[in-house]
Colleague: 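Mind looking over this structure? Questions follow.
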Amino acid sequence: MRPANEAELSALLQDRTGPLRIRGGGTRTLWFGGAAEVLDCSALSGITLYEPGALTLVAGAGTPLAEVEQALAAESQRLAFEVPDLRGLLGTAGVSTLGGVVAANASGPRRLQAGACRDSLIGLRFVDGSGMAVKNGGRVMKNVTGYDLVKLLAGSHGTLGVLTEVSFKLLPVPAASATLVLRGLDDLYAVQAMAAALGSPFEVTAAAHWPGEGTFLRIEGFAGIVVYRSGRLARLLARFGSADMLDGEDSARQWQAIRDVAPFHGQPGDVWKLSVKPSDAPGLVARIGAEAVLYDWGGGLVWVRTAPGTDLRARLGAFDGHATLIRAERPVAPVFQPQPAALAALATALRRKFDPRGILNPGLMG
């Protein structure tokens, strides 16, 4: 089923009794138990408002991300949160849509400086599981009253409602970008180097460690400022070794590869995403016995590739953070980390409130 507009979607959900699997562009492959009919939201598409002077964009949830990025690039603007393209990692096709991005709270390496997708989201419309159309937020950051559904829906993976329209605050594209590369650091020293860079006054906008390739630190802004800050940062990090420099397209390609988890493309095994305190990351990785790892956000996010059928949570035991199963041929664990009892009860109550019949992606998030 493929509703053409919000009214059709609302009528469809009012009458629905069976489970639905909500799909935007089909680029992500999260699974859940039981059969469900696909609800295709790709027709809820189109940019309805774009005000470059106000750095604001409103578009249908089914709008292709590429269409939005093209429109923004013509005005030297961008979404703030650097959306990952995981098709190469997941082996999927399809077209990434704005609604899918919001539903997954998809956020790339710039998250440590610009925040996640939900931090740029200023308004949305959605239809809940009973068929009621809901609007929250608006075109300016201060226009959020009552329940902050903007933050609640981002990252809910369609379990609270079907998005129909989203509004974003934008950023200008920086005039220049440069990436410092430290070679040969082990995981522990790499995390220490990233921490030192992020604690400096030089406004690092991304920090990642790709074992065997290097430790990468990005600075963006006006050309003169980028040159100055890069030089100062290189001197600050001299105790970790001399730094190479990437700029322009070389820098952009490197961060695209990190953003899209390119080291794992075409490689066998399961893929997990760990969210932990950066200083804890090397010790946790040492306990895993992973096939490969990639540290992002200064080590706060760690992509882990393991042998097929590995239950990473069972292997790690209790730890301060959470592990999400991103890709698996034969899943042996739930996609999302089980929540503490009090938080799980709250999440269940919210889902019952917004989806009383339990028809929206049932079983996906508990």
Side-chain angles (χ1 to χ4, degrees), residues 28 30 81-86 88-90 104-113 115-117 155 181-182 184-199 204-218 240 254-265 267-308 310-328 331-338:
R28 295 172 184 265
L30 295 177
F81 46 92
E82 202 166 5
V83 183
D85 181 352
L86 298 185
L89 177 68
L90 300 175
N105 192 34
S107 312
R110 194 174 286 110
R111 177 171 182 165
L112 61 82
Q113 188 255 357
C117 169
V181 188
L182 297 166
L185 300 184
D186 64 20
D187 294 5
L188 180 60
Y189 279 106
V191 169
Q192 290 178 2
M194 290 188 287
L198 294 171
V204 173
T205 66
H209 175 57
W210 182 341
E213 291 290 324
T215 305
F216 301 91
L217 304 160
R218 183 175 63 193
F240 296 101
Q254 187 64 63
W255 287 106
Q256 180 176 325
I258 293 168
R259 180 198 72 186
D260 299 343
V261 203
F264 296 178
H265 291 189
Q267 300 299 311
D270 296 349
V271 175
W272 293 77
K273 184 171 69 172
L274 286 177
S275 295
V276 298
K277 188 168 71 173
S279 58
D280 291 347
L284 287 173
V285 167
R287 290 161 50 188
I288 291 170
E291 306 270 333
V293 299
L294 175 66
Y295 296 80
D296 197 357
W297 305 347
L301 181 150
V302 188
W303 293 94
V304 180
R305 183 167 61 84
T306 66
T310 300
D311 186 342
L312 189 61
R313 298 187 194 110
R315 180 173 293 184
L316 283 174
F319 70 98
D320 187 11
H322 59 268
T324 305
L325 181 55
I326 301 297
R327 185 188 79 188
V332 296
V335 172
F336 297 101
Q337 180 92 19

Colleague: Return the minimal non-hydrogen interatomic distance between V302 and A281, and the atom names on each side.
Modeller: CG2-CB, 3.9 Å
Colleague: If you apply the rule side chain to side chain contact (heavy atoms under 4.5 Å, CB included), what do you find for H322 with F336, and how did you get there?
Modeller: CA-CA 8 Å; H322 59 268; F336 297 101; over 6 Å; no
Colleague: Can you tell me if CG on D186 sees more than 12 non-hydrogen neighbours from other groups inside 6.0 Å?
Modeller: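 Counting neighbours around CG of D186, more than 12 heavy atoms of other residues, nucleotides or ligands fall under 6.0 Å, so yes.
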Colleague: Please find the pair of heavy atoms, one from D311 and one from A333, that lie closest to each other, and give the distance.
Modeller: OD1-CB, 3.9 Å
Colleague: If we only count heavy atoms from C-beta on, is the L86 to R28 side-chain gap below 4.5 Å?
Modeller: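 Heavy-atom side-chain distance check passes, below 4.5 Å.
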Colleague: Would you say V271 and W303 make side-chain contact, with heavy atoms under 4.5 Å?
Modeller: yes
Colleague: If you compare all heavy atoms of Y189 against all heavy atoms of F240, which two are closest, and at what distance to 0.1 Å?
Modeller: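 That closest heavy-atom pairing would be O-CE2, 3.7 Å.
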Colleague: Working to the nearest 0.5 Å, report the span between SG of C117 and CZ of F81.
Modeller: 4.0 Å
Colleague: Measure the shortest side-chain to side-chain distance between H209 and F216 over non-hydrogen atoms and say whether it is less than 4.5 angstrom.
Modeller: no
Colleague: Could you verify whether a donor N or O on one side chain and an acceptor N or O on the other, from T205 and R218, lie under 3.5 Å apart?
Modeller: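 Present: a donor and an acceptor within the cut-off.
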Colleague: Report, one line per pair, each donor and acceptor closer than 3.5 Å where one atom sits in a side chain of residues 290-301; sequence neighbours left out.
Modeller:
residue : atom : partner : partner atom : Å
Y295    : OH   : D187    : OD2          : 2.6
W297    : NE1  : G108    : O            : 2.9

Colleague: At their closest point, which heavy atom of A207 faces which heavy atom of M194, and how far apart are they?
Modeller: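 Of all heavy-atom pairs spanning A207 and M194, the closest is C-SD, 3.6 Å.
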Colleague: Specify the closest pair of heavy atoms between R327 and G269, including all atoms of both residues, with the distance to one decimal.
Modeller: NH2-O, 2.9 Å
Colleague: According to salt bridge (Lys or Arg N to Asp or Glu O under 4.0 Å), who are the partners of D85, at least two apart in sequence or on a separate chain?
Modeller: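 With sequence neighbours excluded, D85 shows a salt bridge (Lys or Arg N to Asp or Glu O under 4.0 Å) to R87, given in chain and number order.
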Colleague: Could you tell me whether the side chain of T310 reaches within less than 4.5 Å of the side chain of V332, counting heavy atoms only?
Modeller: no
Colleague: Please examine the side chains of R111 and N105, heavy atoms only from C-beta on, and report whether any two atoms are closer than 4.5 Å.
Modeller: yes
Colleague: Any heavy-atom pair between the side chains of P338 and R313 that's under 4.5 Å?
Modeller: yes
Colleague: Working to the nearest 0.5 Å, report the span between OG1 of T306 and CH2 of W272.
Modeller: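 Output value for this atom pair is 7.5 Å.
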Colleague: Please report the shortest heavy-atom distance between P268 and R305, naming the atom on each side.
Modeller: O-NH1, 3.0 Å
Colleague: Mind checking whether W210 and Q254 have side chains closer than 4.5 Å, heavy atoms only?
Modeller: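 Touching, per the 4.5 Å side-chain cut-off.
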Colleague: Just to verify, what does L316 make a side-chain contact (heavy atoms from CB on, under 4.5 Å) with, not counting sequence neighbours?
Modeller: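 By the side-chain contact (heavy atoms from CB on, under 4.5 Å) rule, L316 matches L274, L284, R287, I288, L312, F319.
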